[in-house]
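Data block below; observations after.
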Amino acid sequence: NKERVMEGIKEKSSSLNASDINLLDGIRLDFGDASMLIRPSGTEPLIRVMAESTEETKTGELIRKGTSLIESVIREL
């Protein structure tokens, strides 16, 4: 199911208005001064959301948006 979820995330990732989307190692979304990586675990039945920013509140917001995106894709399966 991870593959199906990742495909759905890829299709919906444009809704987050990232300045760049890289599909090399999962789905990396760049937002200028911040970034988010959504990728499936290779050893566990998990999809990880990792975010970086110069501001802690922005990092938290990106993690919430990534988690919401994953949850919406799962609900549609």
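This one's a predicted model, so the numbers in the text were calculated from it and none came from an experiment.
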Heavy-atom closest contact (S35 atom, D30 atom, distance): CB-OD1, 3.3 Å
Mind checking the CD1-CG spacing from I27 to L69? Nearest 0.5 Å is all I need. 8.0 Å
Using atom types as modelled and distance alone, determine if a side-chain donor or acceptor of K65 lies under 3.5 Å from a backbone N or O of L16. no
As an exercise, state the distance from CG of D33 to OG of S19, rounded to the nearest 0.5 Å. 9.5 Å
From N1 atom CG to E3 atom CD, the distance as rounded to the nearest 0.5 Å: 8.0 Å
Keeping S13 on the side-chain end and K10 on the backbone end, is there a donor-acceptor pair under 3.5 Å? yes
Listed partners of T59 passing side-chain contact (heavy atoms from CB on, under 4.5 Å), at least two apart: A51, S53, I63
Is it true that, when you exclude E56 itself, more than 12 heavy atoms of the residues, nucleotides or ligands shown sit nearer than 6.0 Å to its CD? no
Does N22 reach the main-chain N or O of L24 with its side chain, forming a donor-acceptor pair under 3.5 Å? yes
Heavy atoms only: give me the nearest A34-L62 pair and the separation to one decimal. CB-CD1, 3.6 Å
Would you please test E7 and R4 for salt bridge (Lys or Arg N to Asp or Glu O under 4.0 Å) and show each step? CA-CA 5 Å; E7 187 61 36; R4 289 176 50 204; over 6 Å; no
Linking directly or through intermediates, with side-chain heavy atoms under 4.5 Å: list the remaining ILVMFWY members grouped with L37, chain and number order. M50
Results of salt bridge (Lys or Arg N to Asp or Glu O under 4.0 Å) for D20 - residues two or more places apart only: none
Any T54 side-chain heavy atom under 4.5 Å of K58 side chain: no
S72 and K12: which non-hydrogen atoms are nearest, and at how many Å? OG-NZ, 3.7 Å
Side chains of I38 and I70: does their closest heavy-atom pair fall under 4.5 Å? yes
Check whether any side-chain heavy atom of R48 sits under 4.5 Å from a side-chain heavy atom of S41, and report yes or no. yes
d(L46 CG, E44 CD) to nearest 0.5 Å is 4.5 Å
Gap separating the CD atom of E71 from the CZ atom of R64, nearest 0.5 angstrom: 12.5 Å
Validation row: R39, I47 side chains within 4.5 angstrom (heavy atoms): no
Taking the side chain as everything from C-beta on, heavy atoms only, tell me whether E11 gets closer than 4.5 Å to I9. no
